[in-house]
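This report refers to the structure that appears directly beneath it.
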Amino acid sequence: MAAKDVVGYRAGLHRWSILLAFCTLLLVVAGGMVTSRDAGLSVPDWPLSYGQLMPPMEGGILYEHGHRMIATTVGMLTIISMIWLLKAEKRRWLRILGVVALVAVIVQGVLGGLTVIYLLPWWISSAHASMAQLFFSTTVAMAIFTSDWWLLGPQIIEENQKYRIRALSLAAPICVLGQLFLGAAARHKAIGSIYHICGSPIVTGVVLWVALRILLHYANNRELRTASVVLTCITFCQVFLGIAAYMTRIAYADAVQPMPLMVTFTVLHVAVGALTLAASVTLAILVRRNVTAAPLEFREAGRVAVV
Amino acid sequence: MLLLAACGGGQQTRTETQASLPEAHIDPATAGTITGKVLFKGEAPAMPVIDMSSNPQCERQHHTPQKAEVVVVNGNGTLKNVFVWIKAGLAPARWAPPAEAARLDQNGCVYQPHVLGIMKGQQLEILNGDPVNHNVHAESTVNAAWNESQPPRAEHKFKQFSSEEVLFPVTCSVHPWMRSYIGVSPHPFFAVTGDDGTFSLKGVPPGTYTVEAVHEKYGRKEGKLTLAPGGSAVLEFTYGS
Ligand SMILES: [Cu+2]
């Protein structure tokens, strides 16, 4: 079946959702740059910048105001996403998700403004950082939900009663989010980076546990297989980037300004952190959609497929 | 010479109502002088050259590469930019701040001076001699912290600090290498070591004092001394890498 024939599929809406997710990832990178470049307070006022819409983009202002500009763009894209979903989308829960996304992006913008006004208290900055990661996962989920392959319905398989996966699949995104929060708190100097470092083998272990269980016991489902491999690859990249970020930080401990190599690895670590959370959220969503808890004969395939 | 390592956080909020304290006055007949220097032993750490390439307008103002000022060891083996003050021993009194303001200038995207002493209640005048925007962020913890922009050719900024606080950073996030320190003293007996590493506290009433030296990287050291009426006392501090 060609994509255009899938009932309820809107190519434009799907592409728009992908654009939103991509721009959100750029926004996460820009936000990571602000922190790594120590530029968070280079523009003391908010929502204006030096009392203007467009201040001179020099030094730290380039990063802070650039971040605000990309954020404004993502906000606009989210508004259009919501309107599009409200007008064209049949699935009520997805229309609600569109509204939730807009509320989230507004809250996120206000958190960003407040942390500047209150001179970067660690808990507002960490909430802003964690919320960014969650929002990116939301946009990825929206792109998945609007895709033609999602609308084609799942390939239902029964949960292996010995190697259950439905509940376990939720552990990965929860652990990753906790680890992201520890990373943010360390970055904003509330705690030592030791907690984030100690968290990494635990989170990696949980991710591997979930991914391997799927590859060993649910590999006949293509969606689950692919998502597990992707999550595992991203997680390994993330661990290496974390080590690199830490090593450059140690090497430049006495630097009097942010060093480019440290900034690069740290920001990549933040961005791939967002990808790790999104991949683990995606895997959990796909597990919940493809694996039924009850034996198959008690369920009507159609009811499950519509979701 | 008596040198004691300070054991952590000597900052405390002075909450007593200033109005209830007697006004301090110095009797010139008995006032004395505390002088001394801050020595640096061992090899001076090499300071990195600041990379101002992200702001050509800052870079253009310097004919020679600017080095960081975290540790500046003078030619005579002394340490520059150490804040020295009488930490304890003065009779409780209300010292009137001087009428003239202390000045913090931003020149070539570098703070001048790097370490500044100021009295509680004294005006701090902040200037921007640069053709670029700065933000000025007082990272004080006892006094309320603030962060304000200062565009080029903007009016001078005037600020005051109402509580004793030694020593907090003042930073600019537009130019992340910009970092200076301010020490707020409740009395006029403080100094910052310069190119010869010496300090001199004049007009000090006789008494027994704890004098503290504070360096941004090497931290706090204390010395105790007794100043006889009209006398003078000498104190040396020694830091090392
Ligand atoms: Cu500046």
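Letters A, B, ... mirror the listed sequences (proteins, then strands); counts begin at 1. Computed over heavy atoms, backbone and side chain alike; hydrogens, waters and symmetry mates excluded.
Highest contact tally toward chain A, considering only B:Pro176, B:Pro151, B:Ala145, is held by B:Pro176 [criterion: heavy-atom pairs under 4.5 Å]. When A:Pro56, A:Pro55, A:Gly60, A:Ala255 are compared by the number of non-hydrogen pairs under 4.5 Å with chain B, A:Gly60 comes out ahead. For the set A:Val256, A:Asp45, A:Leu62, the count of heavy-atom pairs under 4.5 angstrom toward chain B peaks at A:Val256.
For the pair A:Gln257 and B:Trp177, the tightest heavy-atom approach, listed with the atom from each and the gap, is NE2-CE3, 3.7 Å. Contact record, A:Asp254 with B:Lys217: OD1-NZ, 3.8 Å, taken as the closest heavy-atom pair. Between B:Val132 and A:Glu58 the shortest heavy-atom distance is CB-OE2, 3.7 Å. When all heavy atoms are compared, the tightest approach of B:Asn135 to A:Pro44 is CB-CG, 3.7 Å.
Around the CD1 atom of A:Ile117, the shell of radius 6.0 Å holds more than 12 heavy atoms that belong to other residues, nucleotides or ligands. Atom OH of B:Tyr218 has more than 12 heavy atoms from other residues, nucleotides or ligands within 6.0 Å. With a 6.0 Å radius and a threshold of 12 heavy atoms from other residues, nucleotides or ligands, B:Trp146 has its CH2 atom above the threshold.
For B:Glu139, no part lies near chain A; criterion is any non-hydrogen pair under 4.5 Å. Looking at A:Leu41, the atoms closer than 4.5 Å to chain B (heavy atoms on both sides) sit in the backbone and in the side chain alike. In this structure, chain A has a heavy atom under 4.5 Å from the side chain of B:Val70, while its backbone stays farther away. With a threshold of 4.5 angstrom between heavy atoms, B:Asn133 approaches chain A through its backbone and through its side chain.
Rounding to the nearest 0.5 angstrom, the gap separating the CG atom in A:Leu120 from the OG atom in B:Ser173 is 7.5 Å. Distance CG/A:Asp38 to NE2/B:His137: 11.5 Å, rounded to 0.5 Å.
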